[in-house]
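This is a predicted model, so every value here is computed, not measured.
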Amino acid sequence: MLKDLKAFLLRGNVVDLAVGVIIATAFGAIVTSFVNDIITPLLLNPALKAANVDRIAELSWNGVAYGSFLSAIINFIVIGTVLFFVVKGIEKAQSLGKKEAEEAPAGPTELEVLQEIKALLEKK
């Protein structure tokens, strides 16, 4: 049963789906942080409501949480790097398993076994 569970979890589709979900979640955090911490404070800043173009240079960055946004980007890079190494490890384990299966001596085929049985019966 554990062998079946291992085979299921290490199938390419399951691993690809898990990686996709994790990457999408991390990228979603970047987008959410960009909107909540960068765009929204800029749009809600009263200085932006001024019609005078000269006032744009006086915009204050108060309220813009660029540290949270940079933190989301760094988290995404770290998660992506860890997933890269996890997937590489899984691929390496799968390739080793395939090599062992290929190197294992093949037993006699069904036809060969039947021919041996036939030869033994003919001797009697």
Side-chain angles (χ1 to χ4, degrees):
M1 181 153 177
L2 290 177
K3 188 175 183 179
D4 294 335
L5 177 64
K6 178 183 171 186
F8 171 75
L9 292 177
L10 294 181
R11 278 193 353 215
N13 297 344
V14 174
V15 173
D16 292 342
L17 179 63
V19 168
V21 168
I22 294 169
I23 291 291
T25 303
F27 189 73
I30 290 176
V31 172
T32 301
S33 177
F34 181 70
V35 170
N36 292 342
D37 300 329
I38 305 292
I39 299 297
T40 303
L42 287 175
L43 292 177
L44 296 179
N45 192 337
L48 276 176
K49 294 180 181 177
N52 190 350
V53 176
D54 295 333
R55 296 269 325 233
I56 292 176
E58 299 173 7
L59 284 179
S60 172
W61 288 99
N62 292 338
V64 176
Y66 58 88
S68 295
F69 178 65
L70 291 177
S71 175
I73 291 174
I74 291 169
N75 285 341
F76 179 78
I77 292 170
V78 169
I79 289 169
T81 303
V82 169
L83 283 176
F84 172 78
F85 288 115
V86 167
V87 169
K88 282 295 187 186
I90 290 171
E91 288 175 354
K92 182 75 171 177
Q94 287 176 341
S95 68
L96 288 177
K98 288 179 184 176
K99 284 182 183 176
E100 289 175 0
E102 290 173 359
E103 293 175 358
T109 64
E110 186 177 331
L111 180 61
E112 291 171 344
V113 171
L114 290 174
Q115 287 174 345
E116 289 177 17
I117 293 172
K118 181 182 174 189
L120 289 173
L121 289 173
E122 287 176 352
K123 286 183 181 179
K124 288 187 176 185

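Partners of K118 under the side chain to side chain contact (heavy atoms under 4.5 Å, CB included) rule, at least two apart in sequence or in another chain, are E122. Take F34 and apply the side chain to side chain contact (heavy atoms under 4.5 Å, CB included) test, not counting sequence neighbours, and it matches I38, I39, F69. In this view, I117 and V113, L121 satisfy the side chain to side chain contact (heavy atoms under 4.5 Å, CB included) rule, not counting sequence neighbours. Shown here are the side chain to side chain contact (heavy atoms under 4.5 Å, CB included) partners of E110, two or more places apart in sequence or in another chain: L114.
Hydrophobic cluster membership differs between F84 and V21, with clusters built from Ile, Leu, Val, Met, Phe, Trp and Tyr side chains linked at under 4.5 angstrom. Under a hydrophobic-cluster definition in which Ile, Leu, Val, Met, Phe, Trp and Tyr are linked whenever side-chain heavy atoms come within less than 4.5 Å, directly or via other members, I23 and V31 are assigned to the same cluster.
In this structure, L120 shares a hydrophobic cluster with no other residue, the cluster being traced through Ile, Leu, Val, Met, Phe, Trp and Tyr side chains under 4.5 angstrom apart.
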Side chains of residues 74-83: which donor-acceptor pairs under 3.5 Å do they make with residues two or more places apart or in other chains?
residue : atom : partner : partner atom : Å
N75     : ND2  : S71     : O            : 3.4
T81     : OG1  : I77     : O            : 2.7

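Each side-chain hydrogen bond (donor to acceptor under 3.5 Å, both in side chains) pair with one or both residues in residues 17-33, not counting sequence neighbours, appears once here: S33-D37.
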